[in-house]
Amino acid sequence: MCGIAGIVSEDPTIRDERILEAMLRTIEHRGPDDEGIAAAAPAVLGARRLSIIDVVAGHQPMHGEDGAVTAVQNGEIYNFATLREELAAAGHRFRTGSDTEVLPHAWEEWGPGLVERLHGMFAIAVWDARARTLLLARDRFGKKPLMYAEVRDALLFASEIQALLAHPAVGREIDDEAIRRYLELGYVPSPRTGLAAVRKLPPAHLLLWRPGSAPDLRRYWTLRYAPKLRISDEEALSEVRRLVERAVERRLISDVPLGAFLSGGLDSSTVVAYMARHSSRPVRTFSVAFREGHYDESRYARIAARAFGTDHHELVVDAADTDALPMLVRHVGEPFADSSIVPTYQIARATRPYVTVALTGDGGDELFAGYDRYRAAALAERIPRPVAAGLAALSRALPGRDGVPRVIPRAKRFLAALSSEGEARRAAWTGYFTGRYAGLLLAPGRAAAAGGALERAAELTGAVDVSERYMAADILGYLPDDLLTKMDIATMAASLEARAPLLDHELHGFVARLPARSKLSVGASKILLRRAMRGVVPDEILDRSRKMGFTAPVAIWLRGPLRDLVADLVLSPSAATRLYVSPDGARRMFDDHVRRGADRTIQLWGLLMLELWFREVVAAPVPHRRAAKLSA
């Protein structure tokens, strides 16, 4: 696991190695163990290394036999041993046991086709001095980030936006369309970032670039939901168990200690179950607890820990831990409203003294139909339009306050969206400033139109069933741009590598092609995984009546410890968010939440994070500076 950066330019003042060193310093947390730079004009590539595989000899950048091809990598290639054998048989010579060394030789043998052969999580850069060609590539699901910028006939790339901003040629002009999408979604969808000069390389894409030419962006892999497989239920369950176990086993490759995040949910419990099966000593597990019992599921983590005999550690997170927000905002580098980044970072920081790698349950919800919206979408399709309109009207009578049983606001949101269709319905269930909240925006032009995510998902993946379209849309957008961004930034900020076995492309390729009915039930989530894990995971976890999710008690914090912070930043006359959201509307939301008990959590938190981004990234004169206090 590493942080990478590079510059390709004919202009020596742009590709100055001292500038690259400054870029690498901003991402030192991603690789505290080592730094390396290789110059091969007109390119200079660098890496910060967190040593995982071949700790002694795995220094980056890596080269081919004659030094003409140079590669850097952030991530892990799990099938590197197999690729190494194939390349050695073709005559390539290796000097180390590092997975990164496979890359320059693979480029020499297969060119851009090498990316399709990689099984793992990765963001890679390969420079071929003979062909004067740069390859950038990102893994299939987007577990590892890769940003790039074109400036003055040069191309720059890095693992984080703040590294690009360390280059004086990269500007900080705001991408207004990106902010519009953020206000809709709570994150900026690829390939945009919050900055006009910077782009994200989308998941499952590679980019080829030669000095003097335009970038050549290509998709190299797509998850397919069709044609459907014709197999029995027992065959499907057996194959799910086999593929999950294989995915976990692959991700146990390491020369340093491993552990796992254990929430007590089905996904993380499944991962830990197979880790325990393949470990010779107790697995170290780590979980978050909240003092606010309504949000706390640590009891289930302890149940799983006892069942699998783990060495279990528990961390209590509270509002004081939001002091890390300015630093996290700088590391993300763009507007980002997922509040669970706070407990994720805190548990990563608590985990790091014990292990260097932690396995997670990420990807299970999108793969096995875990979110309520998948079932809601299937149910909504069956409700006649006149009945749907009546139920939508009825929703206004339900309370929407924080503190009532969670089923009530969920039901209210579900019913209110029944009068909408397609993208508008999905936005009503998942959006931030959508529906009735869109009126708080200063002008209609500030609101992003429905993004066409469902249509794009159907076109790319062949998903026909409405629930599978929702799943595919999340895999293409919400998963990489929100969940995996959160996990990467939070863990890397603590110099911890996170691995997600349930984001294995072979596992996803199989489950996606199973009939939708085998994965989805109106009455229960993840029915396929629950059936497959019976006898593997404790019944108390399999039979839980509701999914809690990894949610911090932000609603409570905003009424208490964070109340003054929101007032000082979001309601300030100098707040940059006033460019987008009506000051009167922001004040009404604040009063509704703080004084009247209504739940405006995601809107207020979204504005807080947008304001922090303006202050910490857009207005910051130097990207790598000491963290400021939130109250500043």
Side-chain angles (χ1 to χ4, degrees), residues 182-183 185-187 288-296 316-329 332 335-346 399-406 408-410 412-413 430-437 440-441 482 486 490 548-578 580-616 628-632:
Y182 168 79
L183 291 170
L185 301 169
Y187 59 86
V288 165
F290 298 111
R291 292 187 176 89
E292 298 81 359
H294 186 57
Y295 293 82
D296 185 45
V316 176
V317 173
D318 58 27
D321 292 309
T322 58
D323 278 351
L325 277 177
M327 175 270 292
L328 293 171
V329 167
V332 177
F336 187 75
D338 190 332
S339 60
S340 63
I341 195 171
V342 173
T344 304
Y345 166 68
Q346 297 299 347
R401 300 176 183 276
D402 185 59
V404 301
R406 295 180 72 182
I408 294 178
R410 286 185 178 185
K412 182 180 179 72
R413 197 165 193 178
T430 63
Y432 280 58
F433 286 89
T434 56
R436 63 194 177 103
Y437 295 109
L440 299 174
L441 303 176
D482 185 315
K486 171 196 71 179
M548 181 173 289
F550 190 46
T551 305
V554 175
I556 297 171
W557 294 352
L558 290 174
R559 292 192 184 98
L562 300 186
R563 173 177 171 169
D564 291 344
L565 173 66
V566 175
D568 291 345
L569 295 186
V570 174
L571 303 183
S572 167
S574 62
T577 49
R578 286 172 171 244
Y580 296 91
V581 177
S582 157
D584 289 341
R587 168 62 69 179
R588 284 199 305 274
M589 279 194 304
F590 180 82
D591 290 342
D592 284 348
H593 187 89
V594 171
R595 297 186 174 89
R596 301 185 186 100
D599 187 2
R600 304 290 184 263
T601 304
I602 64 171
Q603 288 78 27
L604 288 176
W605 185 266
L607 290 181
L608 173 62
M609 296 304 287
L610 182 60
E611 185 64 29
L612 281 172
W613 176 73
F614 277 116
R615 294 181 179 223
E616 293 294 328
K629 288 292 184 182
L630 271 174
S631 57

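- When side chains are defined from C-beta on, R615 counts as touching L569, because their heavy atoms get closer than 4.5 Å.
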Assess the residue pair F290 and V317 against the criterion (side-chain contact (heavy atoms from CB on, under 4.5 Å)); give the C-alpha distance rounded to whole Å, side-chain angles, the decisive distance to 0.1 Å, and a yes or no. CA-CA 6 Å; F290 298 111; V317 173; 3.9 Å; yes
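- Distance check: M589 CE to L440 CG gives 5.0 Å after rounding to the nearest 0.5 Å.
- The main-chain N or O of T577 is found under 3.5 Å from a side-chain atom of E611 such that the two form a donor-acceptor pair.
- Between the CG atom of D338 and the CG atom of L185 there is a distance of 12.5 Å, given to the nearest 0.5 Å.
- Among Y437, W605, F590, the one residue that satisfies the side chain to side chain contact (heavy atoms under 4.5 Å, CB included) test with R600 is Y437.
- Distance check, rounded to the nearest 0.5 Å: CZ of R588 to CD of Q603 gives 12.5 Å.
- Contact of the Y182 side chain with the L610 side chain is registered, since non-hydrogen atoms from C-beta on lie closer than 4.5 Å.
- Contact record, A586 with V570: CB-CG1, 4.5 Å, taken as the closest heavy-atom pair.
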side-chain contact (heavy atoms from CB on, under 4.5 Å) assessment of T322 paired with L325: CA-CA 5 Å; T322 58; L325 277 177; 4.0 Å; yes
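- Taken to the nearest 0.5 Å, the CE atom of M609 stands 10.0 Å off from the OH atom of Y432.
- A donor-acceptor pair is defined here as one N or O able to donate and one able to accept, closer than 3.5 Å; no such pair exists between the side chain of H593 and the backbone of R559.
- In this structure, the side chain of R578 engages the main chain of S572 through a donor-acceptor pair within 3.5 Å.
- Side-chain contact between V566 and L558 is present, with heavy atoms from C-beta onward closer than 4.5 Å.
- In this structure the side chain of Q346 never reaches within 4.5 angstrom of the side chain of V288, judged on heavy atoms.
- The distance from the CG atom of L607 to the CG atom of L183 is 7.5 Å, given to the nearest 0.5 Å.
- The line from CG of L604 to CG of L562 is 11.0 Å long, rounded to the nearest 0.5 Å.
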Chi angles and distances behind the side-chain contact (heavy atoms from CB on, under 4.5 Å) call for L571, R587: CA-CA 7 Å; L571 303 183; R587 168 62 69 179; 3.4 Å; yes
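- K486 pairs in a side chain to side chain contact (heavy atoms under 4.5 Å, CB included) with only one of the listed residues (V342, I341, V332), which is I341.
- In terms of heavy-atom proximity, A337 sits nearest to G606 at CB-CA, 3.9 Å.
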